[in-house]
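Data first, discussion second: the structure below is written as structure tokens.
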Amino acid sequence: MYVVIILQENLIDEIAKVKDVLPKKQQKLCHYLVMNYEQVGVMTVAELAQAAEVGTTTVMRLVQTLGFPSFSTFKKDLLNAALMRTTTSYQGLKQSFKDPALKDAGDSFDAVISDGIYMLETLGTQSNQEQFERVVRMLLDAERICPLGLRSSRPMALYFEYAVNIFYPHVLQLAHDLDYVYDRVSLYLHPTDVLLVISIWPCTKKTIDVAQMCHDQGIPIALITNTSLNPIVKLADAVIDTNSVNHVSGDTVILAVIEALVSELGRRTAPQSTENIKRIERTLTERNVVLKEY
């Protein structure tokens with residue numbers, strides 16, 4: 001008889017801890033899992049058994065011993081644990097630097113385009129479409145939209161403000177002066193506002209802190225992220241997950257979501273949004289700010 005293991009946050013560390021109290025074949029399998037966890041997430045039961053040099057029965061017994069109802073559930077949690085261990089803000093970029101298939105500039109160009117097309121094609125899941133509608137409603141119903149993005153997510157937050165402010169000037173940008181972000185949240189944000197978090201994994205501690213602060217104050221949170229592992233997911237009222245972590249074109253997909261939000265906000269606030277843009281165009285032309293002829 002073996003006690004079912006109650007897994008903590010890090011599945012890989014838990015496997016390493018319990019392997020010595022298990023039967024020898026399961027110990028061997030645990031050793032393989034700890035050493036090769038990055039590859040196991042895409043294996044079948046038979047492939048894992050063959051790679052670890054154990055039987056498929058041993059694999060299923062270990063899965064049950066660890067408290068998982070199925071191999072697919074175990075594999076998903078192991079994949080998530082591997083993702084948390086190995087992912088950095090620059091993982092996709094690093095991978096592109098050492099890709100042996102890329103031999104010249106044209107190869108890199110084609111690879112990024114292909115990856116971007118693939119990620120965009122898989123973006124429009126039913127869940128994301130439903131969440132997109134929910135985010136749009138939250139933004140339209142809010143007194144103010146308060147974007148927040150730090151480090152690699154900051155340019156996205158700033159771009160959202162720029163694009164929306166052209167026709168919908170109800171944005172309070174939180175990414176401008178981050179030294180005072182706690183002051184702004186505590187003094188100026190209310191439940192009638194909405195916090196729009198753009199958080200590319202791995203997200204910063206301050207982003208999580210601000211989201212928690214808003215959550216505690218009853219301020220609705222809409223999250224755009226590249227993985228459901230993001231801890232802000234549990235705080236958010238709506239989540240659009242591009243599932244693009246570790247992809248070289250991951251930022252492209254996030255930007256596509258932002259562009260779609262801007263377009264939909266403009267459509268639903270027309271004709272006022274259109275009139276606002278026309279007014280700006282007239283002003284730029286009258287002041288010779290932009291060149292139309294050269």
_My understanding is that only residues two or more places apart in sequence, or in another chain, count here; which of them pass side chain to side chain donor-acceptor pair (under 3.5 Å) with Gln126?_
Glu130

*Just do the side chain to side chain donor-acceptor pair (under 3.5 Å) check on Gln173 and Tyr162 with the steps written out, would you?*
CA-CA 10 Å; Gln173 180 62 258; Tyr162 156 76; over 6 Å; no

*Roughly how far apart are Glu161 CD and Ile258 CD1, rounded to 0.5 Å?*
12.0 Å

*Side-chain heavy atoms of Thr122 within contact of Asn243, under 4.5 Å*: no

*asked:* Which residues pass the side chain to side chain donor-acceptor pair (under 3.5 Å) test with Asp251, not counting sequence neighbours?
replied: none

*Hey, does the side chain of Thr274 reach the backbone of Ala270 with a donor-acceptor pair shorter than 3.5 angstrom?*
no

*Looking only at side chains, do Ser70 and Ser72 share a donor and an acceptor under 3.5 Å apart?*
yes

*Could you tell me whether Glu264 and Arg267 have a side-chain N and a carboxylate O separated by less than 4.0 Å?*
yes

_Looking only at side-chain N and O atoms, does Ser199 offer a donor or acceptor that is under 3.5 Å from a partner on Asn230?_
yes

*With the threshold set at 4.0 Å, does a side-chain nitrogen-carboxylate oxygen contact exist between Arg268 and Glu133?*
yes

*Look only at the side chain of Thr73 and the backbone of Pro69, and say whether a donor-acceptor pair between them is shorter than 3.5 Å.*
no

*Could I get the full list of ring-ring contact (aromatic ring centres under 6.0 Å, His included) partners for His170, not counting sequence neighbours?*
Tyr168

*Quick one: does Leu22's side chain get under 4.5 Å of Cys30's, heavy atoms only?*
yes

*Can we say Glu286 and Arg282 salt-bridge, meaning some charged N sits less than 4.0 Å from an Asp/Glu carboxylate O?*
no

